[in-house]
Protein chains: 2
Amino acid sequence: MYYLYNFGSATLVELSTYQGVEKPTITRTMNRLEEMGYVKQVPSEDKREKPMQLTELGVQIYKEVRLTIDEFEENILKGISEEEQIEVIRIMGEIRNHIFQRGDS
Amino acid sequence: MYYLYNFGSATLVELSTYQGVEKPTITRTMNRLEEMGYVKQVPSEDKREKPMQLTELGVQIYKEVRLTIDEFEENILKGISEEEQIEVIRIMGEIRNHIFQRGDS
DNA sequence: ATAATAAAGTTACCCAGGATAACTATTACC
DNA sequence: GGTAATAGTTATCCTGGGTAACTTTATTAT
């Protein structure tokens, strides 16, 4: 969801494409985030679109969560050398390519 | 679910422990598998317990699915050397240990 | 310029798979 | 024999995914 943090604002279709999810799913999620005050609508030229962006609260929460995740990752990877991490990421990437090269999943 | 294939039979609590899931979840799943004819109840000493085992149909289906999965895995791992696979598994294991060594998740 | 088509969202459903709380029936234990 | 614990079930809730059908607005083609 917090594609918005890095891209500023995005329409629902953008988000659903990014997330690999159908439009109604994003609609629902966004409604909830809006109710929770983490996200708000911004005006748009095209009256079909409904671009959203994070509120100040949303940004704040995002940063907190981001921090928690980063700390968690750091803890989890303690004792795994950088070369090892790179190796694993490389191999996983290869596997992913194999998956995508034969009907999606 | 197909812990049953390798262990012959198991009670619902056994299965829920194995799967890391609550009892009602297993109850529901087992009811569905039973309706589908993949699993049946076996008699038990302890009248509280309800040990289940695969039916012939269940075994057959299990083998088919197993085969499909194995083929998929093989395809996906094509081009990844055995040493690489072992390395990745080792590192993932380390990470898992780190996760478990600090409150579950 | 208008009619047809496409795109963005929304609404009303459905489904799977997880959870809790509260309960019954059976067995174990003091 | 009465209290504890254990196995399972029922009812209900939640999340996060999906499809189908619809409206509103833009785009495209005639």
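Every chain is numbered from 1 and lettered A, B, ... according to where its sequence line falls, protein lines coming before strand lines.
Residues passing the side-chain hydrogen bond (donor to acceptor under 3.5 Å, both in side chains) test with A/Asn6: none are found, sequence neighbours excluded. For B/Arg66, the salt bridge (charged side-chain N to carboxylate O under 4.0 Å, His left out) criterion is met by B/Asp70, not counting sequence neighbours.
Evaluation of the salt bridge (Lys or Arg N to Asp or Glu O under 4.0 Å) test over residues 5-29 of chain A, restricted to residues two or more places apart or in two chains, returns none. Contacts classified as salt bridge (Lys or Arg N to Asp or Glu O under 4.0 Å) and involving residues 74-86 of chain A (residues at least two apart or in different chains) are given here: A/Glu84-B/Arg90. For residues 7-26 of chain B, the pairs satisfying ring pair (Phe, Tyr, Trp, His ring centres under 6.0 Å) are B/Tyr3-B/Phe7, B/Tyr3-B/Tyr18, with sequence neighbours left out.
When every heavy atom of B/Gln53 is checked against every heavy atom of B/Gly8, the shortest pair comes out as CB-O, 3.2 Å. Shortest non-hydrogen contact noted between A/Val59 and A/Tyr5 is CG1-CE1, 3.9 Å. Heavy atoms only, all atoms of each residue included: A/Thr29 and A/Thr25 are closest at OG1-O, 2.8 Å. Scanning both residues, B/Leu4 and B/Met52, for their nearest heavy atoms gives CD2-O, 3.5 Å. B/Ile76 and B/Ile80 make their closest contact through O-CG1, 4.5 Å (heavy atoms, listed as atom of the first residue, atom of the second, distance).
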Would you mind writing out the side-chain donor-acceptor pairs for residues 30-45 of chain B within the sub-3.5 Å range, not counting sequence neighbours?
residue, atom, partner, partner atom, Å
B/Asn31, ND2, B/Thr27, O, 3.4
B/Ser44, OG, B/Asp46, N, 3.2
B/Ser44, OG, B/Asp46, O, 2.8

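Base orientation of D/dA26: anti, the glycosidic angle falling outside 90° of 0.
Extent of DNA chain D lying under 4.0 Å from chain A heavy atoms, first and last nucleotide in 5' to 3' order, is D/dT15 to D/dA26.
In this structure, D/dA4 makes no Watson-Crick or G-U wobble pair, since no nucleotide meets both defining distances under 3.5 angstrom. Pairing partner, C/dT27: none, since no Watson-Crick or wobble contact has both distances short of 3.5 Å.
Heavy atoms from other residues, nucleotides or ligands lying under 6.0 Å from OH of A/Tyr62 number more than 12.
Side-chain contact between A/Arg48 and A/Thr11: absent, with no pair of heavy atoms (C-beta onward) separated by less than 4.5 Å.
Shown for residues 57-68 of chain B: no residue has heavy atoms falling under 4.0 angstrom of DNA chain D. Non-hydrogen atoms lying under 4.0 Å from DNA chain C are contributed by A/Thr11, A/Leu12, A/Val13, all within residues 11-18 of chain A.
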* Asked: How does protein contact run along nucleotides 18-30 of chain C, one letter per nucleotide 5' to 3', with B for base contact, S for sugar-phosphate only, - for none, heavy atoms under 4.0 Å?
  -> BBBB---BBS---
